Amino acid sequence: MGEAELKSQIEVVIDASIVSSHESHGHSFVVDVANLPLQSSILTRLHAGYFRISLALGAQALLWKITIEHANESQAALRHVSHLLPSTAFLLLWCLALLVLITLSPLYILRCFFHFHMVKAEFLHHIGVNFLYAPWISWLLMLQSAPFISPENLTYRVLWLVFAVPVMVLDVKIYGQWFTTEKRFLSMMANPTSHMSVLGNLVGARAAAQMGWKEIAVFMFSLGMIHYLVLFVTLYQRQYGCKRFPVMLRPAFFLFVAAPSMASLAWSSISGAFDTSSKLLFFLSLFLFMSLACRPALFKKSLRRFNVAWWAYSFPLTFLALASVEYAQELKGEIALGLMLVLVTLSVLVFWGLMLLTALKKTRLLHEQRRTATKPQVADTRT
């Protein structure tokens, strides 16, 4: 194959990771996206990682809803924040989040139907598989932030089952592989995006607790936290999986912050108060956030070119801001309120900054998966 022909071909990659082609009957191949119809071209590029956008939108809507609800109760500082986040703006934000999710979900369903081999490659990939949780987490966040449905409503409970069951199915498959499949042990597969599997359980646990299903909430919480502890230790020790993590995906390191933040919120809903356990998890997430914020050089290379991975900055920070709101509501001290104001403001600024960048560079965002093929690469399709 000549050099000119190589340049005319582009690979389909999974979230810009190191695996960029698929194995078929022992042979690797490259997909020529340039010659595909427009609809197929969009479907081949729309991997599950794009649901990071809907995750950030859903988390931000939940932040605005909780802040407004607490502001109506008592504290002047929270009331001041509610003026910055008015109820009308919250409704518009929730509608925007729903619109984005309704747009992404059918497109990904079409991808599953017309390009199932690509979805299978995502599932078999050590990074791509973790983002298969993202659509279900997004829907669970939309459900919790919905302004028209209460947790006591039958529709709320039916929708929770629809969105939570796939999370459990993925748990059985992925967690089972971690300790039973030799080629997919956690020590080899672990990477920062693995926290997505933990988030799925914790977000589901919080929603279940709000419905009064405490036993199911405790079950999902324990499942998420046990695997979070094992995952945290594995990543902390810099196991083999960490060395295979692409530089441009380093914003996913903020998922270290998201898991304990959501865990503190989930346990607060289960126990009925932001107690000592919730505070411990909140302080852990705050420490991890400060550790990452003090190391901007870690993210320098990943910031050279805008891509969808940047949205991983938003929703972990929003989860931390959510936990700070609950903490300030429980503690009612000036330091707690000041910390809440800083984190909420930072979360909103980061979110709207990413919204602006996405609007300005939407063309690049849709074409970021195009890369010139230099040599055949083979994806690991072993289960």
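In this text the structure is predicted, and so the values were computed from the model without any measurement.
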Asker: Identify the two heavy atoms, one from Ser261 and one from Ala323, that lie closest to each other, and give their separation to 0.1 Å.
Answerer: O-CB, 4.1 Å
Asker: Quick check for you: to the nearest 0.5 Å, what is the distance between Leu46 atom CG and Leu110 atom CG?
Answerer: 10.0 Å
Asker: Tell me, please, which residues at least two apart from Ser264 pass side-chain hydrogen bond (donor to acceptor under 3.5 Å, both in side chains).
Answerer: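 Here no residue qualifies.
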Asker: Would you compute the distance between atom CZ of Phe148 and atom OH of Tyr156 and round it to the nearest 0.5 angstrom?
Answerer: 15.0 Å
Asker: Using 30° and 60° as the class boundaries, would you call the ring planes of Trp352 and Trp64 parallel, tilted or perpendicular?
Answerer: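 Rings of Trp352 and Trp64: tilted, 30 to 60°.
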Asker: Start with the C-alpha distance between Ser150 and Asn153, add both sets of side-chain angles, then the distance that settles side chain to side chain contact (heavy atoms under 4.5 Å, CB included), and finish with yes or no.
Answerer: CA-CA 5 Å; Ser150 65; Asn153 192 290; 4.0 Å; yes
Asker: Is Tyr327 close to Met340 at the side-chain level, that is, under 4.5 Å between some pair of heavy atoms?
Answerer: no
Asker: Assess whether atom CZ of Phe283 is packed by more than 12 heavy atoms of other residues, nucleotides or ligands within 6.0 Å.
Answerer: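 Buried by this count: over 12 neighbours within 6.0 Å.
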Asker: For the side chain of Arg206 and the backbone of Leu202, is there at least one donor-acceptor N/O pair under 3.5 Å apart?
Answerer: no
Asker: Please answer: with hydrophobic residues joined when any side-chain heavy atoms are less than 4.5 Å apart, are Val247 and Leu255 in the same cluster?
Answerer: no
Asker: Short question: side chain of Lys65, backbone of Ala146 - any donor-acceptor pair under 3.5 Å?
Answerer: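 A pair under 3.5 Å: yes.
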Asker: Within the 4.5 Å heavy-atom criterion, are Tyr108 and Tyr50 side-chain neighbours or not?
Answerer: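 Not in contact.
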Asker: Please check if the side chain of Lys301 supplies one atom and the backbone of Arg250 the other of a donor-acceptor pair under 3.5 Å.
Answerer: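 Side chain of Lys301 to backbone of Arg250, a donor-acceptor pair under 3.5 Å: no, none is there.
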Asker: Please name all residues satisfying side chain to side chain contact (heavy atoms under 4.5 Å, CB included) with Met290, sequence neighbours left out, ordered by chain then number.
Answerer: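 Counting only residues at least two positions away or on another chain, Met290 forms a side chain to side chain contact (heavy atoms under 4.5 Å, CB included) with Leu286.
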Asker: Residues two or more places apart in sequence or in another chain: which of them pass side chain to side chain contact (heavy atoms under 4.5 Å, CB included) with Ser197?
Answerer: Tyr133, Tyr175, Trp178
Asker: Under 3.5 Å, is there a donor-acceptor pair between the side chain of Trp160 and the main chain of Gly204?
Answerer: yes
Asker: Test side chain to side chain contact (heavy atoms under 4.5 Å, CB included) on Val100 and Leu96; report intermediate values, then the result.
Answerer: CA-CA 6 Å; Val100 171; Leu96 174 62; 4.3 Å; yes
Asker: A side-chain contact here means heavy atoms from C-beta on lying under 4.5 Å apart; do Met225 and Asn201 qualify?
Answerer: no
Asker: Using the rule that two of Ile, Leu, Val, Met, Phe, Trp, Tyr join whenever any of their side-chain heavy atoms come within less than 4.5 Å, decide whether Leu298 and Phe287 are in one cluster.
Answerer: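 Yes, one cluster joins them.
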Asker: Using every non-hydrogen atom in the two residues, find where Gln60 and Ser347 come nearest and quote the distance to one decimal.
Answerer: NE2-OG, 3.3 Å
Asker: Would the number of heavy atoms belonging to other residues, nucleotides or ligands and lying under 6.0 Å from CG of Leu161 be above 12?
Answerer: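 Enclosed: over 12 neighbouring heavy atoms sit under 6.0 Å from CG of Leu161.
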Asker: Going by the rule side chain to side chain contact (heavy atoms under 4.5 Å, CB included), which residues pair with Ile226 if we only count those two or more places apart in sequence or in a different chain?
Answerer: none
Asker: Compare every heavy atom of Gly200 with every heavy atom of Met220, then report the nearest pair and how far apart it is.
Answerer: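 In this case the closest contact between Met220 and Gly200 is CE-O, 4.2 Å.
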Asker: Could you go through His227 and Val230, starting from their C-alpha distance and side-chain angles, then the distance that decides it, and tell me whether this counts as side chain to side chain contact (heavy atoms under 4.5 Å, CB included)?
Answerer: CA-CA 5 Å; His227 285 90; Val230 176; 5.7 Å; no
Asker: Evaluate the criterion side chain to side chain contact (heavy atoms under 4.5 Å, CB included) for residue pair Phe351 and Thr318; output intermediate values, then yes/no.
Answerer: CA-CA 9 Å; Phe351 171 77; Thr318 303; 5.5 Å; no
Asker: Does any non-hydrogen side-chain atom of Pro246 lie less than 4.5 Å from one of Ile127?
Answerer: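 The answer is yes; the side chains approach within 4.5 Å.
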Asker: Once you round to the nearest 0.5 Å, how far does CG of Leu322 lie from CG of Leu317?
Answerer: 10.0 Å
Asker: Do Phe123 and Leu170 have side-chain heavy atoms sitting under 4.5 Å apart?
Answerer: yes
Asker: Within this structure, what is the CZ-CG distance for the pair Phe253 and Leu292, rounded to the nearest 0.5 Å?
Answerer: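 Reported to 0.5 Å precision, the distance equals 8.0 Å.
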Asker: Do Val165 and Val218 belong together in a cluster built from hydrophobic side chains that touch within less than 4.5 Å?
Answerer: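 Different clusters: Val165 never reaches Val218 through Ile, Leu, Val, Met, Phe, Trp or Tyr contacts under 4.5 Å.
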Asker: Could you report the tightest heavy-atom contact between Phe51 and Ala134, atom names first, then the distance?
Answerer: CB-CB, 3.6 Å
Asker: Do Glu326 and Ile66 come close enough that some side-chain heavy atom pair is under 4.5 Å?
Answerer: yes
Asker: Quick one: list whatever passes side-chain hydrogen bond (donor to acceptor under 3.5 Å, both in side chains) with Trp139, sequence neighbours left out.
Answerer: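 Trp139: side-chain hydrogen bond (donor to acceptor under 3.5 Å, both in side chains) contacts with Ser105.
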Asker: Are Val169 and Ile109 linked, directly or through other ILVMFWY residues, by side chains that come within less than 4.5 angstrom of each other?
Answerer: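 No, separate clusters.
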Asker: Suppose we screen for side chain to side chain contact (heavy atoms under 4.5 Å, CB included). Which residues come up paired with Ala312, at least two apart in sequence or across chains?
Answerer: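 Scan of Ala312 (side chain to side chain contact (heavy atoms under 4.5 Å, CB included), adjacent residues dropped) gives Arg52, Pro251.
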Asker: If you count heavy atoms of other groups shown closer than 6.0 angstrom to CZ of Phe219, is the number above 12?
Answerer: no
Asker: When you group the ILVMFWY residues by side-chain heavy-atom contacts below 4.5 Å and let the links chain together, are Ile102 and Leu104 in the same group?
Answerer: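 The answer is yes; both residues are in one hydrophobic cluster.
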Asker: Spell out, as yes or no, whether a donor-acceptor pair under 3.5 Å connects the side chain of Ser194 to the backbone of Asn191.
Answerer: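 Side chain of Ser194 to backbone of Asn191: a pair is present.
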Asker: Does the side chain of Ile216 come within less than 4.5 Å of Met211's, by heavy atoms?
Answerer: no
Asker: Classify the angle between the aromatic ring planes of Phe254 and Phe299 as parallel (below 30°), tilted (30 to 60°) or perpendicular (above 60°).
Answerer: tilted
Asker: Please state whether the rings of His117 and His115 are parallel, tilted or perpendicular, taking 30° and 60° as the class boundaries.
Answerer: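 Perpendicular, since the angle between the ring planes exceeds 60°.
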Asker: Does atom CH2 (Trp136) have a neighbourhood of more than 12 heavy atoms from anything else shown, all under 6.0 Å?
Answerer: no
Asker: Quick one: does Trp310's side chain have a donor or acceptor within less than 3.5 Å of a partner on Ser302's backbone?
Answerer: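 The answer is yes, because a donor-acceptor pair under 3.5 Å joins these two groups.
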Asker: How far apart are the closest heavy atoms of Phe163 and Leu143, and which atoms are they?
Answerer: CD1-CD2, 4.5 Å
Asker: Are the side chains of Ile137 and Phe315 in touch, meaning some heavy atoms are under 4.5 Å apart?
Answerer: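 Counting from C-beta outward, Ile137 and Phe315 never come under 4.5 Å.
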Asker: What's the shortest heavy-atom distance between Ala48 and Glu122, and which atoms?
Answerer: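 For Ala48 and Glu122, the tightest heavy-atom pair comes out as N-OE1, 3.0 Å.
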Asker: Can you tell me how far the NE2 atom of His125 sits from the CG atom of Leu132, to the nearest 0.5 Å?
Answerer: 12.0 Å
Asker: Measuring centre to centre across the rings, with the benzene-like ring taken for any Trp, is Phe289 within less than 6.0 Å of Phe319?
Answerer: no
Asker: Please report the interatomic distance CH2(Trp311) to OG(Ser54), rounded to the nearest 0.5 Å.
Answerer: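 Trp311 CH2 to Ser54 OG: 10.0 Å, rounded to 0.5 Å.
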